[in-house]
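Structure record follows, encoded as structure tokens.
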2 protein chains.
Amino acid sequence: MNMTGHTRRPASIRDVASAAGVSYQTVSRVINDHPRVKPSTRERVLAAIDELGFRRNATALALASGRTRAVTVLTGNTTHYGYASILQGVEEAARAASYAVGIGVLESADETTVAAEVQRAADAGDGLIVIAYDPAGVRALNAVPTGRPGAPALPVVGVVETPATPPGGDRPWVWTDDREAAYEATRHLLSLGHETVHYVAIPSSTRRTSARTSGWRRALREAGAPEPRPLQGSWGPAGGHTAGRRLAKDPSVTAILCGNDDLALGVLRALHENGRAVPDEVSVAGFDDAPHAAYLTPSLTTVRLDFTGLGRAAFALLHRVLEQSAPIAPHPVSAPQLVVRESSGPPPATT
Amino acid sequence: MNMTGHTRRPASIRDVASAAGVSYQTVSRVINDHPRVKPSTRERVLAAIDELGFRRNATALALASGRTRAVTVLTGNTTHYGYASILQGVEEAARAASYAVGIGVLESADETTVAAEVQRAADAGDGLIVIAYDPAGVRALNAVPTGRPGAPALPVVGVVETPATPPGGDRPWVWTDDREAAYEATRHLLSLGHETVHYVAIPSSTRRTSARTSGWRRALREAGAPEPRPLQGSWGPAGGHTAGRRLAKDPSVTAILCGNDDLALGVLRALHENGRAVPDEVSVAGFDDAPHAAYLTPSLTTVRLDFTGLGRAAFALLHRVLEQSAPIAPHPVSAPQLVVRESSGPPPATT
DNA sequence: GCCAAGAGCGTGACCGGTCACACTTGGATC
DNA sequence: GATCCAAGTGTGACCGGTCACGCTCTTGGC
């Protein structure tokens, strides 16, 4: 549609203005839907916009308005199912609100590296969403400039494990109730008749025990069951495999809860290698309900967590901080849901 | 360190300038490492920068320089292992080059929706990386404004399936040689003695046959093996399960190649449900070497693809387009590698 | 002692939008 | 016919950097 055919730079509002025979301010009014513009003028301006293929320059808008309409997600990893789903949820909600989403990966939990990443994120967008399930994420969350007099605070939302005590209003956090989820899963296994349930933990985000661990422990305590030491796993199947090998050799172990489905996969494998049948000899339950959980052999009993809902909620919360007009909590996070499949069953008959 | 304690806005170069008793231009020279600044002056400016906690405003820099130092990754999904790994690779390389990474999810393959997403991405950064393994991605790649006279071209790199013919220089694409990979995997299965190999395909990105399909077909042809129709799967295990159920019922099927590891998982499950032993009765091979492949029971023979390397290469290519000074192809993508595990073996002895 | 060169630094305009304000109309009111 | 108001439009400054240029002051060669 361009008649001159020689335009190099994209059209600005001043180009549109001269094409339509008005001032740049009138063009600004048109693209911002200000009411005080004569309909006929608006028509001419819109025609010029169309003809020149004008698009509002996001950078200039950001400079003038002081807001970039972009948020950054800081995460330790993009490939883990839970992390990736949260990211997807954030992006979905952000897109609906016309926000751009940036991403930063915390490759190391090293203090200065993390601080540098946070700084980079800070001047890339208006706000930050930090996935703080692991040490790197927690460190990042703590490194975010809080509202000290000199430097203005950077709006931030943390996606965290269930906190031990409800955080104050100055701690905008979102979480799924994974303590309750662990409790439910453990109770499920106990109700099948197992004497106790062993636990293979995901790496704790802090030194304190994680929410999942404490939910598991509470269920054991309530049932008066023995409390074995939780085994420390990593995030991936390899960690589960290592832990599983140890557990497989202990004949008293009949039920294992795993911090996530990948760990459970490794545990299943280790049990298989050691000739222990699931669920006939040992029951296994996971966490997350990753897409492959239903298709494993045996299919995995697990607790489904609403990660994308969590991501949407994180964005909604941040959005509300960034714009007072944003709706309040429009994206509820659905509660964890126990999904019973083949990998859990009653313990073997005691001989 | 802020003495006034009342600063609202972050410090600008003019604030630094007056604090150091120089002009804003001198401050600009210091932060850009221009040589013509007296060392003593530089000291004073640096001290002021430190004291005020000055950080260069990325938005203003972008407006003045015309370049945002940001790239956007457009993808159909963030949770699939391959996609997520590519994203991680892009982010890694971008971070090393001090570029920000934005992400856009193509929720639908609908023409206008995709075009809108591309537009959004276009004015969010300097360039685009499109993961074009699926119809939405391919459509996005085609919707990117090419260098027509009116609108300037938007630099874009496509992460694509192995193209049938090497693309011209105006098509900056990266890929792993998945045709060759499929060929190798098929040959592996044939070499074990299978009469032929069935194929469960990932959704084709175009109407034409995918590279993986054609590599598989070539291997069959070379061996003079019968060429069964490929089965159309989806991306996830569910599609593999559906396809697997059909294949399980055909006693002549002894070897199955799957377009990715998730499909293979579904196939394994379907075979198990139908009482067909792997690998004793049927051999299965996957694609990607996702983290769980090694821990399945049986562990999965697959072809490892260097997705993060691919992501790094995509960024490197885009970087070279954006900055002539960027190094040439510093991130080689390693070749696909066959990983033989338990799920493949010789066919059952013919009775 | 004069002039050219270059080191060191400052001023003005600009990138493409926005905001605050002032200006010109036309119609209604008195 | 003068006054007021509101609709409709335009001008200037600004956001926080950059670039292009110009100015001043040494320094060195002749």
Side-chain angles (χ1 to χ4, degrees), chain A residues 7-46 48-49 52-70 98 122-126 151-152 323, chain B residues 7-46 48-49 52-70 98 122-126 151-152 323:
Chain A
T7 322
R8 267 281 151 262
R9 306 216 155 279
S12 75
I13 56 168
R14 314 199 190 226
D15 299 329
V16 173
S18 63
V22 296
S23 76
Y24 54 81
Q25 178 64 338
T26 298
V27 177
S28 175
R29 276 190 267 261
V30 169
I31 60 185
N32 287 296
D33 279 324
H34 274 287
R36 297 284 112 92
V37 179
K38 200 199 298 196
S40 65
T41 309
R42 180 184 305 272
E43 285 306 316
R44 263 187 306 147
V45 171
L46 288 176
I49 285 176
L52 298 179
F54 167 80
R55 302 214 85 218
R56 184 219 245 101
N57 182 316
T59 303
L61 175 60
L63 181 59
S65 68
R67 310 195 316 101
T68 60
R69 294 189 72 81
S98 294
D123 41 46
D126 297 334
E323 309 185 13
Chain B
T7 322
R8 267 280 150 263
R9 306 216 156 281
S12 75
I13 57 169
R14 315 201 188 224
D15 299 330
V16 173
S18 62
V22 297
S23 76
Y24 54 80
Q25 177 64 340
T26 298
V27 176
S28 175
R29 276 190 267 260
V30 169
I31 59 184
N32 287 296
D33 280 325
H34 273 287
R36 297 283 112 93
V37 179
K38 201 199 295 194
S40 66
T41 309
R42 179 184 305 273
E43 285 306 315
R44 264 186 306 146
V45 171
L46 288 175
I49 285 177
L52 298 179
F54 167 81
R55 303 214 84 218
R56 186 218 245 103
N57 182 315
T59 302
L61 175 60
L63 182 59
S65 68
R67 311 195 316 100
T68 61
R69 293 189 72 82
S98 294
D123 41 44
D126 298 333
E323 309 185 12

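Every chain is numbered from 1, with letters handed out A, B, ... down the list of sequences.
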Practice task
Tell me which of Arg29(B) and Ala60(B) sits closer to the 5' end of DNA chain C, going by the nucleotide each one is nearest to.
Solution key: Arg29(B)
Completion exercise
Taken to the nearest 0.5 Å, the spacing of Thr41(A) OG1 from Arg36(A) CZ works out to 14.0 Å
Problem - Spatial distance of atom CG (Leu46(A)) from atom CD1 (Ile31(A)) [nearest 0.5 Å] - result: 10.5 Å
Practice task
Under 4.0 Å between any heavy atoms, over every strand shown, what does Arg55(A) touch: base, sugar-phosphate, or nothing? Just pick one.
Solution key: sugar-phosphate
Completion exercise
What one should report as the nearest heavy-atom pair of Leu52(A) and Ala19(A) is CD1-CB, 4.0 Å
Exercise for the section: May I ask you to decide if Tyr24(B)'s main-chain N or O and Arg14(B)'s side chain share a donor-acceptor pair within less than 3.5 Å? Expected result: no
Handout entry: Span of DNA chain C, from the first to the last nucleotide whose atoms fall under 4.0 Å of chain A heavy atoms
Key = dG16(C) to dA20(C)
Problem - Degree of bending in the helix from dG1(C)-dC30(D) to dC30(C)-dG1(D) once both end axes are built from five pairs, to 10° - result: 60°
Exercise for the section: Looking at every strand, decide which applies to Ile13(B) at a 4.0 Å heavy-atom threshold: base, sugar-phosphate, or nothing. Expected result: base
Practice task
Side-chain contact test, heavy atoms from C-beta onward, threshold under 4.5 Å: evaluate it for Thr26(A) versus Lys38(A) and give yes or no.
Solution key: no
Handout entry: Closest contact, heavy atoms only, Ala124(A) versus Ala70(A)
Key = O-CB, 4.2 Å
Practice task
Measure from CZ on Arg36(B) to P on dC21(D) and round the result to the nearest Å.
Solution key: 18 Å
Practice task
Look up atom CG in Asp126(B) and atom CD in Glu323(B), then write down how far apart they are to the nearest 0.5 Å.
Solution key: 8.5 Å
Exercise for the section: Scan Thr41(B) against the nucleic acid and name what it touches under 4.0 Å (heavy atoms): base, sugar-phosphate only, or nothing. Expected result: sugar-phosphate
Problem - Sugar-phosphate, base or nothing in reach of Ser65(B), heavy atoms under 4.0 Å - result: nothing
Completion exercise
In this structure, CG of Asn32(A) is separated from CD of Gln25(A) (nearest 0.5 Å) by 9.0 Å
Exercise for the section: Give Arg56(B) one of three labels, base, sugar-phosphate or nothing, depending on what nucleic acid heavy atoms sit under 4.0 Å from its own. Expected result: sugar-phosphate
Practice task
Could you go through the side-chain contact (heavy atoms from CB on, under 4.5 Å) check for Asp123(B) and Asn57(A) one step at a time?
Solution key: CA-CA 7 Å; Asp123(B) 41 44; Asn57(A) 182 316; over 6 Å; no
Exercise for the section: Map Thr59(B) and Val22(A) onto DNA chain D by nearest heavy atom, then report which one ends up closer to the 5' terminus. Expected result: Val22(A)
Fill in the blank from the handout: The nucleotide from dC19(D), dG10(D), dG12(D) with an atom nearest the side chain of Ser23(A) is dG10(D)
